[in-house]
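Computed from a prediction, not measured in an experiment: that's the story for all the values here.
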Amino acid sequence: MATKEQAEAAAQAAAGESSTSEVRYNPGEIEARWQERWAAQPDLYAAEPASSPKSKYYVLEMLPYPSGQLHMGHVRNYAIGDALARYMWMRGHNVLHPMGWDAFGLPAENAALKNNTPPRQWTLQNIAAMKRHMNRIGLSYDWSNEITTCLPDYYRWNQWFFLRMYERGLAYRKKSKVNWCPQCATVLANEQVVNGCCWRHEEQIVEQRDLEQWFLRITHYAGELLEDLSQLKGWPEKVRTMQRNWIGRSEGAEIEFEVEDDSVVPEDEAKARKPGTALLPARDDVRGTGKKIAVFTTRVDTIYGATSLQLAPEHPLVKEMTENDAALAEAVAGQLDQQKKAREAGDVGAIEKHGVFTGHYAINPFNQERLPIWVGNYILLDYGTGAIMSVPAHDDRDYDFAKKYGLEIRVVVLPRRPGEGGEADREPLLPFTAEDSLLINSGEFTSMGCQEAQQKMAGYAEEHGFGKATVTYRLKDWGISRQRYWGTPIPMLYCAICGIVPVPESDLPVLLPDNVQITQQGGSPLAKVPEFVNAKCPKCGGNALRETDTMDTFVDSSWYFYRYTDAHNATAPFDSSVVAYWFPIDQYIGGVEHAILHLIYSRFWTKVMRDLGLVRNGEPVERLFTQGMVIRNGAKMSKSKGNVVSPDEMIERFGADATRMYALFAAPPDRDLDWQEDGVAGISRFLSRVYRFAMKYGERARTRDAPGAERSAASQALLRKLHQTIRKITQDFSGRWHFNTCIAAIMELLNALTAAEAQIAAGKVPDAVLAEILRSLTLLLAPFAPYLAFELWEQIGQKDNLLRAAWPQFDEALAKEDQIEIPVQVNGKLRSVVTVAADAGEDEVRDAAMADEKIAAFLAGKEVARLILVPRKLVNIVVK
RNA sequence: GCCCGGAUGGCGGAAUCGGCAGACGCAGCGGACUUAAAAUCCGCAGACUCUAACAGGUCGUGGGGGUUCAAGUCCCCCUCCGGGCACCA
């Protein structure tokens with residue numbers, strides 16, 4: 001180790017030299033120069049054709065909405081993808097790294113209203129601006145397959161896919177309750193409703209409206225979407241869990257209860273019936289009406305404990321019952337109203353349970369008991385069958401409800417073991433919901449375990465024709481109709497004679513007209529354009545009306561990454577053989593906010609395309625990476641919080657290299673990143689030190705001499721550090737992606753170089769060694785600071801394209817330390833450190849430890865009970 | 001309520017397999033260079049404690065317990081923060 005005096009002498013020597021040949025790192029000048037040169041080589045980052053002998057690597061960042069502004073979240077996302085793309089090129093892969101624009105959507109219409117600029121013009125201007133910003137950052141995109149989703153050469157294929165789905169029954173129209181955002185003046189998908197509010201307008205309560213809508217049958221793939229999640233080993237567990245919950249598979253049984261025929265009920269009994277009465281025993285003269293109520297349950301084993309049926313207020317049978325019962329109609333209407341108010345209050349979970357007795361009864365098919373039929377506000381129409389059997393003893397919600405209305409609570413399951421729910425084989429604490437338990441009072445199923453009973457009872461129901469085992473999903477079909485202008489027209493016609501008629505494929509694309517008056521009033525703006533609306537029916541030639549709704553913009557982003565492989569194809573969405581070469585995407589990078597919406601739709605679309613015979617892969621993305629948010633002053637950067645730092649300003653002050661490198665250095669990429677401007681200045685200082693060092697010794701690094709065999713200790717040490725750095729970064733790229741520590745390692749390498757500067761200046765490090773170090777250092781920097789790397793590459797006399805230069809190989813022999821420090825502990829406490837040869841044997845290490853003065857002092861007069869020696873790690877001496 | 005993350009110096013973070021806690025950077029302090037400043041370079045730097053100094057000691061990774069020769073890392077319990085889902089039968 002150098003003494004303080006030596007170090008100061010070296011510093012003085014170095015300082016003296018640099019003052020005579022003052023070089024300054026000027027990122028503005030360097031980056032402007034390289035940008036010009038890169039702009040002159042449009043195919044610099046172009047992927048090679050599928051015939052390339054190289055192995056393919058498809059790296060993709062989520063395409064942005066062209067708001068016109070890049071924010072730090074974008075910079076971080078793209079810096080990660082760009083580092084990976086550049087690394088993969090240098091590793092000899094054929095890299096596809098495309099970019100495009102998610103260009104349809106409401107902001108363009110809002111901007112049109114505000115500035116009186118047509119959406120198309122506004123969007124295309126923004127795209128041009130954002131593309132300039134991306135190029136300024138120095139991102140290695142292959143623009144030859146750029147996609148703009150609002151242009152007809154792209155959206156015609158949305159229409160084409162829609163027709164294919166329509167032919168297969170995967171696209172259909174139905175009237176349904178839909179989520180309506182008054183501010184967007186359009187329908188929202190279930191996935192776009194957050195806490196009962198609009199995803200774009202956090203304060204806006206979503207209303208329910210009845211509308212005719214187009215749906216895509218994503219539920220057809222619910223099972224597969226769920227099962228295939230287990231194949232996605234390269235996806236974050238968090239995202240897989242979120243999708244699993246969203247799909248929400250429940251195994252259970254559907255059981256039909258027949259409604260009792262009221263006309264045969266004796267008059268006195270009928271009079272006795274009041275809301276809240278308990279169930280009635282089985283009667284011999286009971287007759288069914290033939291009307292059935294199907295319920296879905298995951299606990300068919302508890303069916304002997306059912307003491308009422310509960311229907312959703314919107315259930316069709318309730319509608320029927322209220323027709324001749326004004327009092328009931330009023331009660332149900334009140335209930336719906338309350339429900340709506342509670343939902344608007346926000347906290348759905350806290351809504352008090354509420355019910356109305358309908359006056360009717362149904363028959364439990366297992367024991368012929370007669371269950372009162374209620375309308376319960378906690379029953380959801382669109383889950384399961386919209387009706388349940390209520391088993392108060394064994395369900396939390398049913399228990400609350402029964403307590404409130406005094407319904408009978410009948411225990412049919414006992415705990416097997418003490419602990420959960422009370423003592424074994426005794427009446428449990430209610431409600432008792434554990435399933436590892438035993439049935440009682442359940443006819444022939446008594447004394448079975450719950451799981452066994454579930455199977456047997458579902459089988460019994462099926463045998464007797466009143467039910468079956470079934471699976472229910474939470475996932476619902478994807479409503480894609482939007483009453484907006486700036487989207488893909490849905491290629492459908494309504495003919496007075498022929499009904500719904502698809503636009504023939506030869507008539508695609510259905511062009512979105514330009515001259516449209518945009519208003520925020522309800523209804524699609526396209527409906528006010530007669531030239532668009534009025535068409536001829538392709539079947540009968542008569543007058544027909546066009547569908548005036550447009551598609552959800554998530555349709556655009558569900559398959560865009562396929563189009564990137566063949567964006568100019570005019571006869572098909574893409575060439576399947578080219579897709580077969582590039583897919584699946586090797587690495588997809590984006591924000592976790594798309595964990596459900598975009599990433600489920602994309603998986604669905606891929607499965608549809610596979611079934612259409614267009615692609616062979618069943619999943620679009622092999623590995624997914626979700627980067628953390630960019631935070632400043634403890635909150636996510638946002639205009640409303642006033643803590644936004646603009647990338648432009650950072651680039652202006654410190655350069656693109658420093659800005660993007662800081663985005664990788666400040667935190668591991670999967671964690672949130674705290675933006676500190678002083679940190680960017682620190683990176684800029686580091687790049688400046690690299691630049692000055694390289695410029696000072698660049699001339700010597702131009703040597704063509706091969707490194708000689710004889711090397712000074714200084715060269716050995718530097719080469720060791722170099723190869724350790726290469727090893728660290730290479731390994732990190734292959735999995736962990738902790739670019740923050742990669743950059744730290746490059747800093748350490750530079751620190752070692754400047755610490756050895758006196759020896760370097762004195763010629764103790766041969767030029768050939770210096771050349772190897774500078775070349776490798778430049779290559780290591782290339783994924784993170786491409787401008788500086790290209791500049792230095794040239795300055796040290798390299799002529800070939802840096803991006804195609806081979807990534808440096810590390811040499812284990814050179815990376816190996818010849819001496820290592822072994823910590824020595826006594827009773828687990830660090831007492832000394834001994835230095836031994838790296839290949840020292842156990843005896844040698846033990847002897848060195850025992851011989852150490854400090855250790856000897858600790859051992860004096862004590863008995864060594866045990867000695868633990870971990871090779872190359874540590875020695876721990878246990879004494880009594 | 002349920003399911004995932006996370007908590008380490010003044011700050012961002014490091015410690016990849018149970019083996020020297022705090023790499024690297026920021027901010028800070030001291031110094032060199034300078035007429036001066038900026039820039040640059042060198043050095044110091046978890047807390048407490050002992051010492052004139054050298055050297056040393058104790059404590060320390062949100063809190064409490066445990067396993068182990070050894071725990072930021074593994075196990076159990078708890079607190080706080082962030083995210084997702086939520087009357088899903």
Side-chain angles (χ1 to χ4, degrees), chain A residues 4 7-12 14-16 18-19 22 24 195 236-242 244-246 248-250 252 295-299 310 347-353 376-380 382-385 387-391 395-398 400-401 472-474 592-593 595-596 628-629 631 662 665-668 670-683 685-686 688-689 692 728 731-732 735-736 738 740-741 743-748 751 754-755 757 821-830 832-833 854 865-868 870 872-879:
Chain A
K4 198 169 173 176
E8 271 174 21
Q12 277 169 28
S18 68
S19 67
E22 185 87 1
R24 285 186 90 97
N195 289 331
E237 189 52 47
K238 181 188 171 135
V239 173
R240 295 199 286 168
T241 306
M242 282 166 75
R244 211 170 277 130
N245 292 340
W246 189 261
R249 179 189 150 99
S250 288
V295 307
F296 174 74
T297 176
T298 54
R299 294 296 307 275
Q310 300 286 338
D347 194 359
V348 181
I351 297 169
E352 205 193 328
K353 293 188 180 28
N377 70 339
Y378 67 107
I379 311 305
L380 305 171
D382 49 8
Y383 182 78
T385 60
I388 63 152
M389 63 179 201
S390 173
V391 185
D395 181 278
D396 297 317
R397 294 152 303 182
D398 296 345
D400 292 346
F401 191 88
T472 292
Y473 294 94
R474 205 195 84 119
V592 74
E593 65 271 20
I596 359 205
M629 290 185 299
I631 305 281
Y662 176 74
F665 177 71
D670 53 331
R671 285 226 244 157
D672 287 351
L673 182 153
D674 191 274
W675 193 269
Q676 299 181 350
E677 278 158 61
D678 288 339
V680 190
I683 293 290
R685 267 199 290 277
F686 163 68
S688 169
R689 289 176 60 211
R692 278 182 281 119
K728 195 236 172 319
Q731 287 172 353
D732 241 292
R736 219 170 58 126
H738 278 199
N740 54 333
T741 58
I743 293 165
I746 302 176
M747 288 171 171
E748 283 188 61
N751 289 348
T754 49
E757 211 178 333
E821 295 188 332
I822 303 280
V824 182
Q825 301 179 333
V826 176
N827 286 344
K829 293 203 174 185
L830 179 72
S832 187
V833 177
K854 290 181 212 155
R866 202 174 155 189
L867 189 140
I868 287 123
V870 184
R872 300 181 59 84
K873 291 280 187 191
L874 107 169
V875 175
N876 187 11
I877 302 163
V878 184
V879 297

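Considering only the side chain of A:Arg24, B:A39 comes nearest among B:A39, B:A86, B:A14. Closest to the A:Val878 side chain, of the nucleotides B:G84, B:C69, B:A89, is B:C69. Closest to the A:Asn377 side chain, of the nucleotides B:U58, B:C4, B:C87, is B:C87. Nearest to the side-chain atoms of A:Arg692 among the listed nucleotides B:C87, B:C41, B:G6 stands B:C41.
B:G57 and B:G63 have their C1' atoms separated by 26 Å, with the value rounded to a whole Å. B:C26 and B:A39: their P atoms are spaced 12 Å apart (whole Å). If you take atom C1' in B:C69 and the same atom in B:G18, they sit 12 Å apart, rounded to whole Å. One P atom belongs to B:U73, the other to B:G64, and the distance between them is 13 Å to the nearest Å. Here the separation of B:U61 from B:A47, taken at their C1' atoms, is 13 Å to the nearest Å. Between B:G9 and B:C44, the two C1' atoms lie 15 Å apart (nearest whole Å). Going from the P atom of B:A37 to that of B:A52 covers 38 Å, rounded to whole Å. Nucleotides B:C59 and B:G72 have their P atoms positioned 13 Å apart, rounded to a whole Å.
Applying the 90° criterion around 0 to the glycosidic angle, B:C33 comes out anti. In this structure B:G43 sits in the anti conformation; its chi angle is more than 90° from 0.
Atoms CD1 (A:Ile596) and P (B:C3) sit 18 Å apart, rounded to a whole Å. Across the protein-nucleic acid pair, A:Arg249 atom CZ and B:A89 atom P stand 12 Å apart, rounded to whole Å. Regarding A:Leu380, its CG atom lies at a distance of 11 Å from the C1' atom of B:A86, rounded to whole Å. As a whole-Å value, the separation of A:Lys238 NZ from B:G6 C1' is 10 Å. Atom P of nucleotide B:G13 and atom CD1 of A:Ile631 are separated by 10 Å, given to the nearest angstrom. Separating the CG atom of A:Asp400 from the C1' atom of B:C87 is a distance of 10 Å, rounded to the nearest angstrom. Atom CZ in A:Arg866 sits about 5 Å away from atom C1' in B:C69, given to the nearest Å.
In terms of the side chain to side chain contact (heavy atoms under 4.5 Å, CB included) criterion, residue partners of A:Gln825 (sequence neighbours excluded) are, by chain and number, A:Leu874, A:Asn876. A:Tyr662 is linked by a ring-ring contact (aromatic ring centres under 6.0 Å, His included) to A:Trp675, counting only residues two or more places apart in sequence or in another chain. Considering only residues two or more places apart in sequence or on other chains, A:Glu593 meets the side chain to side chain contact (heavy atoms under 4.5 Å, CB included) condition with none of them. Residues satisfying the side chain to side chain contact (heavy atoms under 4.5 Å, CB included) test with A:Pro668, not counting sequence neighbours, are A:Asp670, A:Arg671, A:His738, A:Asn740.
A:Asn751 is listed as a side-chain neighbour of A:Arg689, based on a closest heavy-atom distance under 4.5 Å. For the pair A:Ile683/A:Met747, a side-chain contact is recorded, criterion being any heavy-atom separation below 4.5 Å from C-beta on. The shortest distance between side-chain heavy atoms of A:Ile388 and A:Asp395 does not fall below 4.5 Å.
For A:Lys353 and A:Tyr378, the positive end sits near the middle of the six-membered ring, less than 6.0 Å away and at most 45° from its axis.
Residue A:Asp672 is classed as a sugar-phosphate contact, given heavy-atom separations below 4.0 Å to backbone atoms only.
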Nucleotide by nucleotide, 5' to 3', does protein get under 4.0 Å of the base (B), only the sugar-phosphate (S), or neither (-) in nucleotides 18-26 of chain B, counting heavy atoms? -BB--BBSS
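A:Arg474 has a side-chain polar atom (N or O) that falls below the 4.0 Å cut-off from OP1 or OP2 of B:A86. Within the 4.0 Å cut-off from OP1 or OP2 of B:G57, not a single side-chain nitrogen or oxygen of A:Lys854 is found. Regarding contacts with the backbone of B:A15, a side-chain N or O of A:Arg736 is found under 4.0 angstrom from either OP1 or OP2.
In terms of heavy atoms, A:Arg299 sits closest to A:Met389 at O-CE, 3.5 Å. Shown here for A:Val295 and A:Thr385, the closest heavy-atom pair between the two residues is CA-OG1, 3.3 Å.
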Paired and unpaired positions of RNA chain B as dot-bracket, Watson-Crick or G-U wobble under 3.5 Å, | denoting a partner strand: (((((((..(((......[....))).(((((.......))))).((((......))))..(((((..]....))))))))))))....
